[in-house]
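Mind looking over this structure? Questions follow.
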Amino acid sequence: MAKVTIDGITIEVADGTTILQAARMIGPDVAPPTMCYYSKLKTSGGYCRTCLVEVSKGSEKDPRPMPKLVASCRTGVMDGMEVKNTSSEKVRDARAGVVEFLLLNHPLDCPVCDQAGECHLQDLSYEHGNYKTRTEFERRTFDKIDIGNKIQLHMTRCILCYRCVKTAEQITDGRVHGVINRGDHAEISTYVEQAIDNDFSGNVIDVCPVGALTDKTFRFKSRVWFTKPMYAHRNCDKCSGKVSLWYKGDDVLRVTGRKDQWGEVEEFICNTCRFDKKSTSDWVIEGPAPINRHSVISANKYAKLVKPKEFTLNDIKAITD
Amino acid sequence: MGRKLLLENDHIEGIHSYEVYRKNGGYKSVEKALKSMTPEAVVEEVKKSGLRGRGGAGFPTGMKWSFLAKPEGVPRYLVCNADESEPGTFKDRYLMERIPHLLVEGMITSSYALGANTGYIYVRGEYFYIIKILEQAISEAYTNGWLGKNILGTGYNLDLYVQCGAGAYICGEETALLESLEGKRGNPRIKPPFPAVKGLWECPTVVNNVETIAAVVPIVNDGGDAYAAIGIGKSTGTKLISASGHIKKPGVYEIELGVSVEEFIYADEYCGGILNDKKLKAVVAGGSSVPILPADLILKTASGEKRLMTYESLADGGFATGTMLGSGGFIVMDESTSIVKNLHTFARFYHHESCGQCSPCREGTGWMEKILHKILDGHGTLADVDLLWDIQRKIEGNTICPLGDAAAWPVASAIRHFKSEFEAYVTNRKSIPDVKYYFHCNNLDAAAAYSSL
Amino acid sequence: MSDSNKITFSPESEALIKNLVKRYPEGKHKSALLPALHIAQAEFNGWLSAPVMDKVAELLNLQPIEVYEVASFYSMYNLKPVGKCLIEVCRTSSCWLRGAEDVVKHIEKRLGIKDGETTTDGKFTLKTVECLGSCGTAPMLQIGQTFYENLTLEKVDKILEEWKDAGKHSSYLDEHTFRNI
Ligand SMILES: Cc1cc2nc3c(=O)[nH]c(=O)nc-3n(C[C@H](O)[C@H](O)[C@H](O)COP(=O)(O)O)c2cc1C
Ligand code: SF4
Ligand code: FES
Ligand code: FES
């Protein structure tokens, strides 16, 4: 066991636990944001750098602080370690930098993006970014491509978290898509136009933190905050059959895996459940899916909305200056 | 004249061939190590020598070797890093081209010390003609019984192979190199685990630079103490310096660590002074990644002491007023050089070479290049210079591998030491003539326009 | 999958690739991918088409995507056709300090093409590249496995003349590059 203190809160965790896992055990206020780590995928994490934290004390044995910020998702705890997340100015500064880098070439096309409302990049920018864009250069763009008739890849939005590649590698066989080119030309691609033809391929949609991989059967059907998620299950011979159904009125618009409080699916589901079972009669309904109180998905479920204060020109100036 | 340990025989006709190399004392270290020393004793000599990694980081080689994990029944590997792609660095190429057997010999002696039975030399793809030379040398070594089974009848086996790269600076980073050697994209691995525990194909691996491995030969031949007697303090032995830019005699020089920078630049034995006797403006002392220093700070430290070619002296003053020995890529710039334009070539380089895994480096390197381009085009503003500073600051220390730092440092140091030049660019670029750079040292007049900056 | 069945390597190249696999432990044949792609590029007109890459995948028992991922990462693999003579001019600091820009401009003018382009007769492609480890003999350019160093404009002219009637594509390697094991 190892005792680790994060932002002043101490917790005892099993050896081999990462700083991120320990922080998540303490709770969402302490847990660093993540864009590439995914607890259900092996060797994920380390790429996006949003989860950087400061280790102000290495361990009881070797109390020296670590010289650089470390990726909490890839760094194991040591007994007596002291970690600063949001309590560190350095971390806040670096994280704002990471958000800026991730947004540098992002199209910011949220108004037409199906992911809006459940996009981790939106949340991240809102919580940790700056209001102002400092880049004036043309953003990188790619053509949209279909990976089969159910999944669309909109590479322009991709933040290269590698989650979909690891999903394809770890839960399907015969990976056909991957990362091609390098540097800021790198892109997720099949290189030669090719469908991902596999029973579990749809999970790449669920793991994508942004709107780069979306469900074509749900395309432009509704903003997610107008839909209502319900837990449901069915007897499936390929997967657990435990899903979230997203309703608008009486229609099931989309089926996804069930997501935990970190926005990660609890279990991967098969393509039959995801794409082909879209009537209530296919499912046994369990009840409303729990939704984070802060999520926009819950927005229209509160009857008494407080009207936001009028936005004046001065407010805008204060933001953009 | 300084002592030479690696390039002592580089002038001898035919030294690239086995016969001549052997006649001049080649492969003695293998005989000595395999026949009269235990592997541990070889490691001990290397520790005593104080040899530090010549690939750039300067990590003590003996210590690195002693970290190598030795689990029962798992093969260990020695991998030679001959990816040499750091701008300004060409010493490994020179050594491999001239005296390929020195590297082969170093690989055998070092592999024996590490208990490795297979070694790879990873050579950057652009050096294909060198690969041919090394393959030839390795064939000769096999034919003469220095490689293969039961070497010198001692029961020690070693197979040595050359592996080619295919154009990627990042494959010089040791874990990217291992990925590449496994036939993958050259994406650096996230550490830990370190290669000493999980390296090539998840087996314990040591990665060393060409020059480091070559230096093991004289260390074993003459003893670690003799090696440590050369140099100053923790900078022991000799170092190959690749000298380029505006100097009279560019080339590879083997120096005893401790020669003064001034002597290195101006003495006839080394660079022979600045081309056309112009004034020195700046030096990048250890390859493109290390901070650039203006003439006064490269010749003398901030406290007024003579700057020496050692790890410590070059680093004196930290990044505020110092730099690093790095890989020994010594790039000299005369008074006519535009620091901003030179920086643009570096920024373009790092942008081109970023592997793209982590966001600060992937996005930040391109952004910096674009801003520099804009400044050079005459559309920059003072705010752009501040923005550049802020971007490099947000890349540095926040990336998976040190390429991010390497991209940030040249930008930081150029702004730190030559801010007025950036300001001149953004305030009156239009009045700065487009300088014609040297073409074989002819075009000096137009170039002089810059000296007023 | 593309038409990889239309692609056949020469028996020598195929044998060489099989031989290269012996350099690695059992099951680690993927390591032969980089040299195999170089061999493929040398054999098929200096570039790697999708069918050629698929063929390499087949020979090394890999998924095609593994090959595309690697081929597109490294700058020496050309994923588009190139001219008979691929001229690679270094543009980084040390070469720039000694006139690389003039070399590039001169070649552009002589051949009537820009960086990255191929002459209409398919003879030359010009590509600027990053430091090739020839900084002490700058400026420099590389064609195939040959380094042309300490360039002057006259030297550049001679090189262009020398390559203008090249019969084969310039290549990084030849039949003696790798030793057989
Ligand atoms: C971006 C990057 C590029 C590098 N390039 C090289 C290189 O070309 N040659 C080299 O020997 N080391 C290079 N290194 C250093 C290696 O990672 C490693 O430290 C070195 O090979 C270890 O050998 P040494 O201890 O003998 O120096 C590079 C490091 C980084 C981060
Ligand atoms: S710092 Fe750059 S080169 Fe290194 S892993 Fe990150 S993106 Fe790749
Ligand atoms: S979540 Fe840790 S680096 Fe991306
Ligand atoms: S800078 Fe051109 S070869 Fe190094």
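In what follows, chains are A, B, ... by sequence order, proteins preceding strands, each numbered from 1.
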Task: Exam field: side chain Arg98(C) to backbone His246(B), donor-acceptor pair closer than 3.5 Å - done: no
Open item on the list: Quick check on Glu202(B): does its CD atom have over 12 non-hydrogen neighbours (other residues, nucleotides or ligands) under 6.0 Å away?
Closed with: no
- [ ] Between chain C and each of Ser244(B), Ser288(B), Ser242(B), count heavy-atom pairs under 4.5 Å; write down the option with the most.
- [x]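 So the answer, after comparing Ser244(B), Ser288(B), Ser242(B), is Ser244(B).
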Open item on the list: Can a donor-acceptor pair be found, under 3.5 Å and without considering hydrogens, that links the side chain of Arg348(B) to the backbone of Glu130(C)?
Closed with: no
Open item on the list: Do Trp96(C) and Asn342(B) make a side-chain contact, defined as non-hydrogen atoms from C-beta onward lying under 4.5 Å apart?
Closed with: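 Contact flag for Trp96(C)/Asn342(B) side chains = yes.
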Open item on the list: Only pairs of heavy atoms separated by less than 4.5 Å count here; which of His176(C), Glu69(C), His29(C), Lys28(C) has the most with chain B?
Closed with: Lys28(C)
Task: Heavy-atom pair of closest approach, residues Ser93(C) and Ile331(B) - done: OG-CG2, 3.9 Å
Open item on the list: Can you tell me how far apart NZ (Lys341(B)) and CG (Leu97(C)) are? Round to the nearest 0.5 Å.
Closed with: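 Answer rounded to 0.5 Å: 11.0 Å.
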- [ ] Please round to the nearest 0.5 Å and tell me the distance separating atom CD of Gln163(B) and atom CZ of Arg23(C).
- [x] 8.0 Å
Open item on the list: Heavy-atom cut-off 4.5 Å, strictly under: side chain, backbone, both or neither for Lys105(C) against chain B?
Closed with: neither
Task: Whether Tyr24(C) and Trp201(B) hold their rings parallel, tilted or perpendicular, with breakpoints at 30° and 60° - done: perpendicular
TODO: Select one option (side chain, backbone, both, neither) describing which atoms of Phe346(B) are under 4.5 Å from chain C's heavy atoms.
DONE: side chain
Task: Contacting moiety of Leu178(B), where chain C heavy atoms sit under 4.5 Å - done: neither
Task: Partner chain C: residue of Gly167(B), Pro87(B), Gly356(B) with the largest heavy-atom pair count (under 4.5 Å) - done: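 So the answer, after comparing Gly167(B), Pro87(B), Gly356(B), is Gly167(B).
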Open item on the list: Between Glu88(C), Lys30(C), Glu66(C), Gln145(C), who has the most heavy-atom pairs with chain B when the cutoff is under 4.5 Å?
Closed with: Lys30(C)
TODO: Determine the minimum heavy-atom distance between Phe73(C) and Ala168(B), stating which atoms define it.
DONE: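 It is CE2-CB, 4.0 Å.
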Task: Atom pair NZ (Lys22(C)) and CG (Asp159(B)), whose distance is rounded to the nearest 0.5 Å - done: 12.0 Å
Task: Name of the residue among Cys131(C), Ser134(C), Ser94(C), Cys135(C) meeting side-chain contact (heavy atoms from CB on, under 4.5 Å) with Phe90(B) - done: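 The residue from Cys131(C), Ser134(C), Ser94(C), Cys135(C) that satisfies side-chain contact (heavy atoms from CB on, under 4.5 Å) with Phe90(B) turns out to be Cys135(C).
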Open item on the list: At a 4.5 Å cut-off on heavy atoms, which part of Tyr120(B) comes close to chain C: side chain, backbone, both, or neither?
Closed with: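 Only the side chain of Tyr120(B) comes within 4.5 Å of chain C.
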Task: Over all atoms of both residues, closest heavy-atom pair of Thr345(B) and Thr92(C) - done: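 Heavy atoms of Thr345(B) and Thr92(C) come nearest at OG1-C, 4.1 Å.
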Open item on the list: With a sphere of 6.0 Å drawn around NZ of Lys249(B), does it hold more than 12 non-hydrogen atoms of other residues, nucleotides or ligands?
Closed with: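 Check passes, neighbour count above 12.
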TODO: Please look at Tyr142(B) and chain C and tell me whether the side chain, the backbone, both or neither of the residue comes under 4.5 angstrom of a heavy atom of that chain.
DONE: side chain
Open item on the list: With a 4.5 angstrom heavy-atom cut-off, is it the side chain or the backbone of His38(C) that approaches chain B, or both, or neither?
Closed with: side chain
Open item on the list: Between Ser31(C) and Leu181(B) (side chain of the first, backbone of the second, donor and acceptor by atom type, cut-off under 3.5 Å), is there such a pair?
Closed with: yes
Task: Trace of the side chain to side chain contact (heavy atoms under 4.5 Å, CB included) decision for Lys132(B) with Leu173(C) - done: CA-CA 9 Å; Lys132(B) 211 160 150 182; Leu173(C) 64 168; over 6 Å; no
Open item on the list: Looking at every non-hydrogen atom in both residues, tell me the closest pair between Arg93(B) and Thr137(C) and how far apart they are.
Closed with: NH1-OG1, 4.5 Å
TODO: Provide the closest heavy-atom pair for Ser180(B) versus Leu34(C) in the form atom of the first, atom of the second, distance.
DONE: OG-CD2, 3.4 Å
Task: Closest approach of Tyr161(B) to Arg179(C) (non-hydrogen atoms, all atoms of both residues) - done: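 Between these two residues, the closest heavy atoms are CD2-NH2, 3.7 Å.
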Task: Spatial distance of atom OH (Tyr172(C)) from atom CD1 (Ile131(B)) [nearest 0.5 Å] - done: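 Answer for the OH-CD1 pair, Tyr172(C) versus Ile131(B), is 12.0 Å.
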Open item on the list: Could you measure the distance from the OG1 atom of Thr128(C) to the NE2 atom of His352(B)? Nearest 0.5 Å is fine.
Closed with: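 So the gap between those two atoms works out to 7.5 Å.
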Open item on the list: Among Ser85(B), Gly186(B), Gly125(B), Ser139(B), which residue has the highest count of heavy-atom pairs closer than 4.5 Å to chain C?
Closed with: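 Ranked by heavy-atom pairs under 4.5 Å with chain C, first place is Gly186(B).
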TODO: Measure Tyr77(B) against the heavy atoms of chain C and call it side chain, backbone, both or neither at under 4.5 Å.
DONE: side chain
TODO: Give the C-alpha distance, both sets of side-chain angles, the deciding distance and a yes or no for side chain to side chain contact (heavy atoms under 4.5 Å, CB included) between Tyr74(C) and Cys171(B).
DONE: CA-CA 10 Å; Tyr74(C) 296 94; Cys171(B) 291; 3.7 Å; yes
TODO: Tell me, for Val332(B) versus chain C, whether the close heavy atoms (under 4.5 Å) come from the side chain, the backbone, both or neither.
DONE: backbone
Task: Distance (rounded to the nearest 0.5 Å) between Leu33(C) CG and Lys184(B) NZ - done: 11.5 Å
Open item on the list: Just so I understand: if I count every heavy-atom pair under 4.5 Å between each of Ser72(C), Gly133(C), Ala36(C), Pro35(C) and chain B, which residue has the most?
Closed with: Gly133(C)
- [ ] Please state whether the side chain, the backbone, both or neither of Ile181(C) comes within less than 4.5 Å of a heavy atom of chain B.
- [x]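 Contact with chain B is through the side chain of Ile181(C) alone.
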- [ ] Name the region of Leu134(B), side chain, backbone, both or neither, that has any atom closer than 4.5 Å to a heavy atom of chain C.
- [x] neither
Task: Side chain, backbone, both or neither of Phe178(C) within contact of chain B (heavy atoms, under 4.5 Å) - done: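 When you check distances to chain B, atoms from both the backbone and side chain of Phe178(C) fall under 4.5 Å.
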Open item on the list: Let's test your reading of the structure: which of Tyr94(B), Tyr127(B), Tyr169(B) forms the most heavy-atom pairs below 4.5 Å with chain C?
Closed with: Tyr127(B)
- [ ] Examine whether an atom of Gln142(C) lies under 4.5 Å from a heavy atom of chain B, and if so say whether it belongs to the side chain, the backbone or both; otherwise answer neither.
- [x] side chain
Task: Proximity breakdown for Thr89(B) and chain C, heavy-atom pairs closer than 4.5 Å - done: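 Interface part for Thr89(B): backbone (N, CA, C, O).
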Open item on the list: Taking side chain as everything from C-beta outward and backbone as N, CA, C, O, which of these in Glu84(B) sits under 4.5 Å from a heavy atom of chain C? Side chain, backbone, both or neither.
Closed with: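 Looking at Glu84(B), nothing touches chain C.
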